[in-house]
Engineer: 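Have a look at this one before I ask anything.
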Amino acid sequence: MTADIGTSLPLLSLLLWLPVAGAGLCFVSYRSAQLARWVALLTALLVLLLSLGCLLCPAGPDGWMLLTDRPWIEAFGIRYSLGMDGISLLLVILTAFLQLVAVLISWDQEKYPALLFGLLLLLEAGIIGVFLALDLVLFYLLWELMLIPTFFLIGIWGYRRRVYAAVKFFLFTLSGSLCMLLAIISLYLVHGEQTGSYTFALEALKQTQLGFGQEMLFYLCFMAAFAVKIPLFPFHSWLPDAHTEAPVAGSIDLAGLLLKTGVYGMIRFAFPLFPRAAEQSLPVLAVLALFGIFYAAWIAYLQTDIKRIVAYSSISHLGFVVLGLVAWGQTAWEGSLLLMVNHGVTTGALFIAIAFIQKRTGTRELPKLGGLWKSQPNLSAFFLLFSLASLGLPGLANFAGEILVLIGTFGSHPLWAVIAVGGVLFSAVYTLRMVQGTIWGPSCEPFDRQDLGRREWLVLIPLAVLVVLLGCYPQPLLDPLQLPVSLLLHSGGLP
Amino acid sequence: MIATVVFYFLGALAIIATLLAILQKNPVHAVIYLVNSFFALALLFYLLGAPLVAAWEVIIYAGAIMVLFLFIIMMLEVSPTSGPSRLAPTWLQWLPILLLAVALAACTLLLTGLDPASTGAVARWHATPRDFGYALFKEYALAIEIVSFQLLFAAVGAFYVGRPERKNKQEDGQ
Amino acid sequence: MIVPIEHLLVISTILFVLGLACVIVRRSLIMILIGAEIMLNAVGLTLVGAAAFWQRIDAQIMVIFLMAMTSAEVSISLAMVVYLQRRKNSIDVRAFDEMRG
Amino acid sequence: MAVLLTLTLLLPLAGGIINACFGNRLPRPVPVIIACGSVIASFLACLGALPGAGGEGLRVTLFSWMSSGTFQADIGLLFDPLAAIMTLMVTGVASLIHLYAAGYMEEDPDQTRFFALLNLFVFAMLTIVLADNLLLMFLGWEGVGFCSYGLIGFWYRQSENAEAGRKAFIVTRIGDLFFTVGLLWLFKLFGTIGIEAINGRATELDPLTVTLVALLLLGGACGKSAQLPLMTWLPDAMAGPTPVSALIHAATMVTAGVYLLCRMFPLVSLSPLALGAIALIGVLTALYAATCALGQREIKRVLAYSTMSQVGYMFLAVGVGSVSAAMFHLLTHAFFKALLFMAAGCVINLAGHENDIYLMGGMRRRSQTVFWLFLAGLVCLAGAPLTGGFFSKDMILAAAYAKGSPFYLTIYGLGVATAALTSFYSFKLGYLVFAGDYRGEELPHELPGLMTWPLVPLAVLGLFGGLLNLPHLFGGHSWLSAWLVRQGDVLDLPVAVEYRLTGLAIAVFVLGWLLAHLRYYRFKARESGVLSEFLLAGWRFDGLYRRLLIRPFNGFGRFCWQGLEEGLVNGLLDGMAATFVSWGQSLRLLANGRISSYLQGFIWGLLIIVGWFLLRAVA
Amino acid sequence: MSPAALQSLLPQLILVFGATLILLAGAWLPGRRLWLYSGALLAVLAALCAALLTPALTEVGGLYGTSLYARFCTVVWSLLVAATLLLSRRYADLHRFGGGEYTALLLFAGTGMSLLSAATSLIGLFLGLEAFTLVLYILIAFNRNDNRGAEAGLKYLVFGAVATGFLAFGIALIYTATGSFHIVEALGGLQSGGTLRPLGMAGWAMLLVAIGFKISLVPFHLWTPDVYQGAPAPVTALLSTAAKGAVLAAFLPLLNVMGSGAAEVKLVISLLAIITMLVGTFAALPQTNLKRMLAYSSIVHMGYLLISLLVGGADGGKALLFYLIVYSFATFGAFAVVTSLASEQHELQDYDELRGLGYQCPRRAMALAAFLFSLAGIPPLAGFFAKFGLFRAALVHGYTGLAIIGIFASLVSVYYYLRPIIVLFAQEEQATLTANCGARGEYLLLAGCCAAVLMLGIYPEPLLDLVAAVLP
């Protein structure tokens, strides 16, 4: 590892702690919604600027742009160890951006605004931390830190079945991550017994010599956590409920960010720590991913709640992401990571559009919607654009990632890629059904005839620009991925 | 040899008296039987070389505590007609518990019987009051202190709980 | 030599279990407390026997503490009995099952 | 030159974006002017760039789209003769149609959306044409699909329209799957997706691979060009505004499949099997569509089936190895079919927005101009001698005949039969619409000038389009073949054979006309009967697909949702949760508030512990 | 008693004489706040003494040790008593507690606890345990206007009396086997030939029942929810933290001094741990009363703590003490919230009564949520590192099965911790809420517990170091 470059300005720690501080401020100022709002906005903005500032840091030969490593809990061998490479960078920027959007979108929230903003910032800290942590316990801690804010986001500001959804989300993710915790501690013990140094540092634990059965067991435990978060079939059943019942900010965070942490965990932790087990598991993962793509698409096709459709579509798209990982190649991985970012933006945008639609019509049920273009042409246009991006129209965001995944996958496993191509068709089928029922057809009567307001424009335009830009010129995102991806691919000892 | 016979006799007496005590419907009768049992126990203590303990057994248990019980029974007017007969369990209720108790006793005894020490004999031995007093006030002085405080606070507690409800809560100051 | 320690344990265990049975089966609060007294007496017997067995005085001292403790306990218990009788007008333990579940 | 070429591509895009983003805020005629202006400017820029297309052609790389690992995709243009001729046609026809649309959509409140989509469509179509790699082509490919979707469902308030758009998008996307797989495979084979590179190195492949790849490309082309078996979307697509039908579903987008096959011809031609398949699909579609056209009642649906049929001819041309014949027919067809559609739009307008040809009649009296324009298109379609359609169709049939093998002779025979049918339904249409008396009730609508005069150049082009590639027999020099550097396509048949073939073509044309004249000159009554119903419903393919594909699709989806998702996965989880809680409930019964039962817990616990110890001690 | 012995016992002396003084003075001056505050002050003073004073003797009267471990326990229990006194201020006002008696009894309970965890002799252990148990009988029934308090007192009394019998019988049996009350000799002499002597087994069986009652292990746990529910909330706070902690702290050396014979006992303890964790968890699931739920939760936590007892040694000790302290903060905090919500008529216990409270009293509700999350072991709250340390210790020492069961239980337990949180925040507000606005002292305590729960969740190192230093 290179020396601590970030000493002059502890960028990584700032990224992690700034939102925490902001959240604290929000909680403290719980009496004044206005203050909390601005605190949240400024914090989110600052974090975004900081994360963009990280772009300026050059990457070392080992891929790390910034590293921070300090003792934390020496009694257990836990270190406060953060690091940023190209992969983290992209995801951190995505997080910061979407969180800013989430703050903006929640601006008018009247129900306990200070609490909401505080939780959003806390969640941001957790997610950013997950993307930066290089110590397994620190990672786990931040991984779980995401739980509480999300639980409240769904549980307090959600819709009708919010409690069920929130509890289900909590229990699901927790059960996965507890498996991971067990494996983390066991791995630490095995490593400690072998080397005499008890540590949770990722780099050190990679050197652990494991028997194959042991390795597979640990790997499965790790994957339990990640598979739930991604979510892979059949661990996905929390997702539709959580997405559907969550308020818009929660949906953005869930779909845009939380799901990505699972994939990130796979490439940063599960694969490098247990390369042999990972290799053995690839076919299974591929089958699950492929099955998930179609299964979720099929279910999405029959839903009548548009938010639920988008929720299932997330499962389907994440199937592509996992497929790309399974293909185990530069192009496929870069495609997966790109698709992750793009899916985050697209789906987040879709959820926002849906929230606006619901605000105006009071419903998300397809049979009650229709003909929105007549009264809300601008909103409908945005909705259409995001839907198209979601179904993978070339030139819009998702396509760039999907095609790279497919190309990469075809290179190593043509059959998987060919099957996956079918998923693209399916996504068109359900997405167009959703568009059809919402903006086309005979019009329903919206309660609120106002088209987009100023703040709504402010939120939607950057998203729309991004959706187009990421589709037309994804290269700036691919460049920083190149080195870390190739390092990760080749360090694991897999072909 | 006499001592041994007396021992078994007293043991049997204590057990029988206790058994009768717990089977009584009327608590007053039960207390009387129990006093019997305690007397037998006190004699056993004496036999086992603890005359002082034997004396206290009579004074404290049979004397003080059991009288206190009687006193409370009288005070609460737990009449033999209404209260106790209603409160006395039937044989049917006794049976499972007795079985359980027998099983428990059997297990415990089998277990203790397996210990090599259990065949060891209790020898004739006599602790003089001097030894006793020495140990009590020299070695266990601290324990005595603790016990005394315990008794104090128990008394306070008993007083607090047992005192009648005041109609007028004047002590609610501040 | 009077008896093997085993026999002493037999007597005290039987007494102990009798006390226990009394506590469980009886419903009158007073009888329950009496059962507890029986159990403590059984312990006393064991201790005195053990003292004789080891020819040491400690166990006898312990019996004294036990008695003191018992009397403290009894005083509180009986005060409670009075208190409960006054509140509920009953010394049937079955009357006290308001909290459950 | 490069700048002009770039402008050709980007001007429609700019127009589209401006209209999409700001169209609603601009005063009324400005969006239309922007739309038409940008396409016309694009046409002019294309004309300017044309000299660069000769020989090796012109290449422009704008920027790198994405590159990852060994994969590299640029936004790069390739302006070679094939692309040039196509670009010219697309921009030219699109310009005229834009002008026509300006009149057609004059009163529509939503015209900015219309023009934005139309401009975007032109951009996407030009992307297909000019792309130098398959991925960029795919971008255009999907782009036209989307624009077509948006324009078919333009009048979205009727659910059927939007449904038709969706159907078009999804059915073509089935074809796109094949294209995508082909693209992936080609990249794996060659490590590049550049069209020239692939064509140049195609000979390195083994025959089986070539055949499979070519078939995949054929699949893609079938979807876009509405060939069997992915043809069901095209007739429904007529729900869109007429200019859309003219531009997208007649002149340009549906021919994209043909263009793709021509583009990749060096590769495709390496597999005789694939060529045979292309030819077969082409001719079968041509025949199928021609029969369906016979049974249609709506004017635009007749034209839609005829388009399908004509595109089938183009496929046939590719299948028999004659790129220039395919492109020739593509061009003439673009002219006369655009003309026909737009004239049909005029007719519909004249008939007071009535679509049913059985409710028309006597239209000639309502507008002579429209009649003559429509007739010009009709004779081209029917293959009247010396019209553009005649020459191009003849070239295709001759090329099929020239192949000589029984398979191709059969195909030739089918092609000729189709030609007869074409002539028959063309004139049936003409008679029903223009001859006799008006049978409808609607009053005529005014025809804006913009809706008639852009048709004139098209009529001229259609009628004299044959000059583009006039065969030697008629004193021409096969200019198009030369331009495309496909001199080999110019057949060297004995003159007698050529005369025979030409004669046959004329004969079938006359036959068709005569039959139509006999039957339809005097209108009798609406046809009914099993056969005509069957033809009207397009051989009931829709129903077949619904039963074979859509219903099982829905059924399986329902199984996944209600069976697996709700029943198995969620049921299992909820059941587990319920079990846990019920355990808790039964444990609650233990805590019944009774002191004695609590104490029994003590005893049991003690008994177990002592018993356990006893066992251990004994052991 | 020698001056050296007095000095060594100074903290306990402060407590007990303070209690007596307040008791006496309280009879003359019936000021409630005055006595509560001065009691708290005394308790803090005792804690300070214990923390700062290096004792002159290593063992006092052959009964109580003065090791760092014992003093550390004294500090913790004294502080908890002080906190309870502070917490009781408003509650005592509302329910017209006799200030002098209440304070004195609590201080004496503190004495008993600190003696208990310092015991080096079985007699000392017995006396310490009985000292605070006796006092707790009264404290639980201290609210004389409450039937439930009376019922709770009765239940605790009956079980306490029976448990005393078991404890004494166990001690008697062990003495019979070894002839000594001193823990090291008595328990060390229980094994022969590498296994536990049968008499030792019988003695341990009785001891386990008694201890099982005190720290409410399944199946000796059934009293717990009833008593917790009925007792005054501040008393419950003490009952669930210090009272249990003191027993556990005393339990730890008992197992440690056993040699090879400990294996037999540990087998039984692991069985108890398993059923405690599982039964407690499942029984808590359907609870709809906050205090009962917390009671079951404390049962489950005792199950976890048994694991650390099994691990034993320095590792287990560290895990135990750290867990115990973190658990105490969270549980005490939770009961403090209950206390602060109590009105004159009743405590808000039922979930129905708590509905929408998150918006009426956001700070307290948030604090309660934090405590519950900490109990559930969700990062970044202290409960996580407590569980982490505990399961880590278990895995290090090969108790994999127990660790897995523990993790499973803590997973399921999340559900019942979430329920009140949902009730507080996620459900519609109730029209008529009877929550109190709470007193300053309560807020102070809540803030303190919250801060501890958060800080220890982020940076537990200082406490871990302290705990490691304290253990022998």
Side-chain angles (χ1 to χ4, degrees), chain A residues 168 171-172 234 236-237 240 294-295 298-299 301-303 329-332 334-335 338 370-371 373-374 377-378 381 384 388 392-395 399-400 403-404 406-411 414 417-418 421-422 424-425 428-429 432-433 435-436 439-443 472-475 478 481-482 486, chain D residues 20 24 63-71 73 75 110 113 124 135-136 138-143 145-146 149-150 153 156-159 161-163 165-166 169-170 173-174 176-178 180-181 183-185 187-188 193 553-554 556-562 564-565 568-570 572-573 577:
Chain A
K168 196 169 176 184
L171 289 177
F172 249 86
H236 64 281
S237 109
F294 287 96
Y295 176 80
W298 238 309
I299 295 177
Y301 176 67
L302 291 170
Q303 301 303 312
Q330 182 82 21
T331 309
E334 284 182 23
L338 185 64
W373 192 290
K374 186 175 169 227
N378 294 325
L384 180 63
L388 290 173
L393 196 73
F399 175 75
I403 195 72
L404 288 180
L406 289 174
I407 283 174
T409 311
F410 197 92
V418 169
V421 168
V424 179
L425 173 68
V429 171
L432 287 186
R433 178 170 168 270
V435 171
Q436 167 86 29
I439 60 178
W440 309 134
S443 36
C472 293
Y473 191 52
Q475 201 55 41
L478 290 172
L481 290 177
Q482 196 188 350
S486 74
Chain D
N24 280 331
F63 60 92
S64 166
W65 186 9
M66 46 185 138
S67 85
S68 156
T70 55
F71 178 75
I75 304 286
D110 244 357
R113 177 160 59 95
L135 196 66
L136 186 59
F138 189 67
L139 185 145
W141 193 261
E142 293 286 310
F146 159 65
Y149 161 76
Y156 55 85
R157 234 138 331 138
Q158 272 109 30
S159 304
N161 297 354
E163 283 294 345
R166 181 151 72 110
F169 194 88
I170 288 168
R173 210 152 206 227
I174 296 174
D176 298 349
L177 299 186
F178 296 104
T180 315
V181 175
L183 186 156
L184 299 177
W185 200 348
F187 176 75
K188 190 183 182 191
I193 48 169
F553 182 89
N554 283 345
F556 192 73
R558 207 156 285 282
F559 166 72
C560 280
W561 176 28
Q562 277 160 351
L564 287 181
E565 181 82 354
L568 196 66
V569 178
N570 276 343
L572 217 62
L573 291 167

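Being a predicted model, the structure only gives us computed values, none of them experimental. Chain identifiers are assigned alphabetically (A, B, ...) following the order of the sequence lines, protein sequences preceding nucleic acid strands; residue numbering begins at 1 within each chain.
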Engineer: With sequence neighbours excluded, tell me which residues meet side chain to side chain donor-acceptor pair (under 3.5 Å) with D:E142.
Structural biologist: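 If we apply the side chain to side chain donor-acceptor pair (under 3.5 Å) test to D:E142, skipping adjacent residues, the hits are D:R173.
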
Engineer: Please state whether the side chain, the backbone, both or neither of D:L573 comes within less than 4.5 Å of a heavy atom of chain A.
Structural biologist: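 For D:L573, side-chain heavy atoms alone lie under 4.5 Å from chain A.
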
Engineer: Go through the atoms of A:P414 and report whether side chain, backbone, both or neither lie under 4.5 Å from a heavy atom of chain D.
Structural biologist: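 A:P414 touches chain D through side-chain heavy atoms alone.
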
Engineer: Answer with side chain, backbone, both or neither: which region of D:F187 has an atom nearer than 4.5 Å to a non-hydrogen atom of chain A?
Structural biologist: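 Side chain only.
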
Engineer: Go through the atoms of D:W141 and report whether side chain, backbone, both or neither lie under 4.5 Å from a heavy atom of chain A.
Structural biologist: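 It is neither, since no heavy atom gets under 4.5 Å.
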
Engineer: What part of A:L478 gets within 4.5 angstrom of chain D, counting heavy atoms only: side chain, backbone, both, or neither?
Structural biologist: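 For A:L478, side-chain heavy atoms alone lie under 4.5 Å from chain D.
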
Engineer: To the closest 0.5 Å, what do you measure between CH2 (A:W373) and OH (D:Y156)?
Structural biologist: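 So the CH2 of A:W373 and the OH of D:Y156 are separated by 8.0 Å.
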
Engineer: Taking every non-hydrogen pair under 4.5 Å, which of A:F399, A:F172, A:W440 racks up the most with chain D?
Structural biologist: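 Greatest number of close heavy-atom pairs with chain D: A:W440.
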
Engineer: Looking at D:L564, D:L183, D:V569, which one has more heavy-atom pairs under 4.5 Å with chain A than the rest?
Structural biologist: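 That would be D:L564.
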
Engineer: Would you say the ring centroid of A:F294 lies under 6.0 angstrom from that of D:F556?
Structural biologist: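 That pair fails the under 6.0 Å test.
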
Engineer: So how far is it from A:I407 CD1 to D:T180 OG1, rounded to the nearest 0.5 Å?
Structural biologist: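 It comes to 10.0 Å.
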
Engineer: Give, as side chain, backbone, both or neither, the part of A:L338 having an atom under 4.5 angstrom from any heavy atom of chain D.
Structural biologist: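 Neither part.
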
Engineer: Out of A:G371, A:S486, A:C472, return the one with the most heavy atom pairs under 4.5 angstrom to chain D.
Structural biologist: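 Option with the top pair count is A:C472.
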
Engineer: For chain D, which candidate among A:L393, A:L171, A:V418, A:L481 shows the most heavy-atom pairs at distances under 4.5 Å?
Structural biologist: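 Between A:L393, A:L171, A:V418, A:L481, the count favours A:L393.
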
Engineer: Provide the closest heavy-atom pair for D:A73 versus D:L135 in the form atom of the first, atom of the second, distance.
Structural biologist: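 Taking every non-hydrogen atom into account, CB-CD2, 3.8 Å.
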
Engineer: When rounded to the nearest 0.5 angstrom, what is the spacing between CZ in D:R558 and CG in D:N554?
Structural biologist: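 Spacing of CZ (D:R558) from CG (D:N554) equals 7.0 Å.
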
Engineer: Hey, what do you get for CD1 (D:I193) to CZ (D:F71), rounding to the nearest 0.5 Å?
Structural biologist: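 Answer rounded to 0.5 Å: 4.0 Å.
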
Engineer: What part of D:Q562 lies closer than 4.5 angstrom to a heavy atom of chain A: side chain, backbone, both or neither?
Structural biologist: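 Neither the backbone nor the side chain of D:Q562 comes within 4.5 Å of chain A.
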
Engineer: Quick one: pull up CZ in D:F559 and CD1 in A:I299 and give me the separation to the nearest 0.5 Å.
Structural biologist: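 That separation rounds to 10.0 Å.
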
Engineer: Classify the side-chain pair A:Q475/D:S67 by whether it contains a donor and acceptor separated by less than 3.5 Å.
Structural biologist: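 Side chains of A:Q475 and D:S67: pair found under 3.5 Å.
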
Engineer: Which region of D:R113, side chain (C-beta onward) or backbone (N, CA, C, O), has a non-hydrogen atom less than 4.5 Å from a non-hydrogen atom of chain A, or is it both or neither?
Structural biologist: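 The side chain, not the backbone.
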
Engineer: So which of A:Y301, A:Y295, A:Y473 has the largest heavy-atom pair count under 4.5 angstrom toward chain D?
Structural biologist: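 Option with the top pair count is A:Y295.
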
Engineer: Please state whether the side chain, the backbone, both or neither of D:D176 comes within less than 4.5 Å of a heavy atom of chain A.
Structural biologist: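 Nothing of D:D176, per the 4.5 Å heavy-atom cut-off to chain A.
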
Engineer: By a 4.5 Å heavy-atom criterion (distance strictly below it), what part of A:L404 contacts chain D: side chain, backbone, both, or neither?
Structural biologist: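 The answer is the side chain of A:L404.
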
Engineer: Specify which of A:L388, A:I439, A:T409 makes the most heavy-atom pairs with chain D at under 4.5 Å.
Structural biologist: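 The answer is A:L388.
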
Engineer: Relative to chain A, which segment of D:Y149 carries a heavy atom at a distance below 4.5 Å: side chain, backbone, both, or neither?
Structural biologist: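 Only the side chain of D:Y149 comes within 4.5 Å of chain A.
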
Engineer: Residues in side chain to side chain donor-acceptor pair (under 3.5 Å) with A:N378, at least two apart?
Structural biologist: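 Only A:D451 meet the side chain to side chain donor-acceptor pair (under 3.5 Å) criterion with A:N378.
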
